[in-house]
Amino acid sequence: MSIDDQLARLDHHDPEFGRDPYVVYSAMRERCPVAHSEAHGGYWLVAGYDDVAGILKDDYTFSSAQGVTFPSVVGANPVIPIEVDPPEFFKFRRMLNPWFSPARIASWEPAVREITTSLLDGVAAAGEIDFVQDFGRLLPGIVTLRFIGLPEKDVVQWLDWIHQLLHFSIDDPESTVRVGLQCYGAMWQEMSRRREAGETHQDDLLGFLLHTEVEGGRRLLDEQIMGIVFLMLFGGLDTTGAAISNALWYLDHHHGDRRKLAEDFSLIPDAVEEFLRYEAPVQGLHRVVVKDTVIGGCPVSAGEHLYFLMGSANRDEREFDDADSVILDRKPNRHLSFGVGAHRCLGSHLGRLQFRVALEEILTRMPDFRLDRENCHRWADVGIVCGFTNLPATFAPSGPA
Ligand code: HEM
């Protein structure tokens, strides 16, 4: 089949595509950087760095109000602020920004380290770990629930719910509705508990959202609060776990790079950016065209759907030298893994913090880890999240570091 025929049928949710999307991206950038596929009722796929960045930066031409996944996995109640277009969007974003500022997130480092070390120390003596099941999914799960102010004991339940909603909603819409209602029920329960107990503290995000005032002294509506909390869970859990898992997969192959990082932790922040570039946890996002325009020389019309590929943009040789190689200290590194423009990831500093601390503590406790590569598995659908579901490993057992 010719590349044009393949692109005409391309479906970013297809497990076949997910097996090696980078081959397809490379062919697209070379031959057809803006391609039309007939899948999902028809949509455009955009592969080049400049075009992807241009779409991300232009919220007046490209709307996210119909969801950033395609087809959308989110229900009738919008998740906020990602599914709100300007100018209304700015009201929410301004309200939330201080919660995610670099200084505020830096104050989370002791908590992130404490959660990281207690998870790793729990398995250190055994000499065996599944880096996803025992660690990579739990760290962002616990951090995000603490940040929001939802009970941490429910972390596994929340992870299961969010996975169902993100990964299985297209194939199993009935369960998705049921799980969505369970999520709203759990949020509602905590909001009601706080109201009945007369709690007015604002030291977690939920407390802030319950008591803050927007425009003209009005409180947020309950559905708006739940839309914001939902987005933190969608945005914070699988993405961060996937990023950590992709780096560990790479380091399992590349012992020289692993040694460099283990010997000098000051290299880790740049390495984190490079791992994020090399395998974008969010490979692509969806927008709807609001007014007729041209992308990369290709006319697109109002009402059409776009799926633009940060996973491809991050490998574009016109932006990154030797784009298919990991260069630990790559500079500059203007990767698009957190997006760019108004909707740029609100949680990027929190995601980076967890990623850095996870690498530091893993390389301290188990620098010799070896993955059981035969039994490592990725999410089959890279159209949702690009990362692993299982990374079983062994290492020399030790006591707590
Ligand atoms: C490595 C980890 C992460 C990656 C790769 C990632 C990726 C992204 C991307 C690509 C966007 C842009 C969406 C768009 O333009 O439509 C985004 C937005 C967002 N992310 Fe993240 N994210 C990560 C971690 C987090 C964390 C830890 C949180 C919060 C706890 C979070 C919360 C959000 C929120 C709230 C938005 C929406 C911002 C807005 O619409 O203004 N993310 N993220």
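For ligands, and for the atoms within them, numbers begin at 1 and follow the listed sequence. Since this is a predicted model, take the numbers as computed values, not measurements.
Only the side chain of L285 comes within 4.0 Å of ligand 1, judged by heavy-atom distances. Only the side chain of L56 comes within contact range of ligand 1, with a heavy atom under 4.0 Å; no backbone atom does. Neither the backbone nor the side chain of R352 has any atom closer than 4.0 Å to an atom of ligand 1 (non-hydrogen atoms only).
Side-chain atoms of D322 and S325 include a donor-acceptor pair closer than 3.5 Å. For the residue pair Y43/H12, the side-chain donor-acceptor check at 3.5 Å is satisfied. R287 and S63 form no side-chain donor-acceptor contact under 3.5 Å, judged by distance and modelled atom types alone.
Taking the six-membered ring for Trp and the full ring otherwise, the centers of F388 and F131 sit at least 6.0 Å from each other. For an aromatic pair to be called close, the ring centres must be under 6.0 Å apart, and F230 with Y184 satisfies this. Aromatic ring centroids of H286 and F70 lie under 6.0 Å apart. The aromatic ring centroids of W379 and H163 lie less than 6.0 Å from each other.
Interface of P81 with ligand 1, defined as ligand atoms under 4.0 Å from a residue heavy atom, comprises 39 (C), 40 (O), 41 (O). Under a 4.0 Å criterion applied to the non-hydrogen atoms of R287, ligand 1 contributes the atoms 14 (C), 15 (O), 16 (O). Ligand 1 places these atoms under 4.0 Å from at least one heavy atom of V68: 16 (O). Short contacts between ligand 1 and G339, defined as distances under 4.0 Å to a heavy atom of the residue, involve ligand atoms 10 (C). Of all atoms in ligand 1, numbered sequentially from 1 with element shown, those under 4.0 Å from a heavy atom of F89 are 39 (C), 40 (O), 41 (O). Every atom of ligand 1 is numbered from 1 in the order shown, and the set under 4.0 Å from a heavy atom of S337 is 5 (C), 7 (C), 10 (C). Numbered from 1 in the order shown, with element, the atoms of ligand 1 that lie under 4.0 Å from a heavy atom of L231 read 35 (C), 37 (C).
Closest to atom 36 (C) of ligand 1 among all protein heavy atoms lies L346 N, 3.9 Å. Looking at atom 11 (C) of ligand 1, its nearest protein heavy atom turns out to be F338 O, 3.8 Å. The nearest protein atom to atom 40 (O) of ligand 1, hydrogens excluded, is given as H343 ND1, 2.6 Å; this is a heavy-atom distance. Closest protein heavy atom to atom 23 (C) of ligand 1: T239 OG1, 3.5 Å. The nearest heavy-atom contact from the protein to atom 25 (C) of ligand 1 is G235 O, 3.3 Å. The closest protein non-hydrogen atom to atom 22 (N) of ligand 1 is C345 SG, 3.1 Å.
Comparing G347, G387, S348 against atom 32 (C) of ligand 1, the shortest heavy-atom distance belongs to G347.
To the nearest 0.5 angstrom, I129 atom CD1 is 4.5 Å from M366 atom CE.
Relative to the ring axis of F320, R315 does not place its NZ or CZ within 45° and under 6.0 Å from the centre.
A salt bridge does not link E38 to R9: none of the charged side-chain nitrogens sits closer than 4.0 Å to a carboxylate oxygen.
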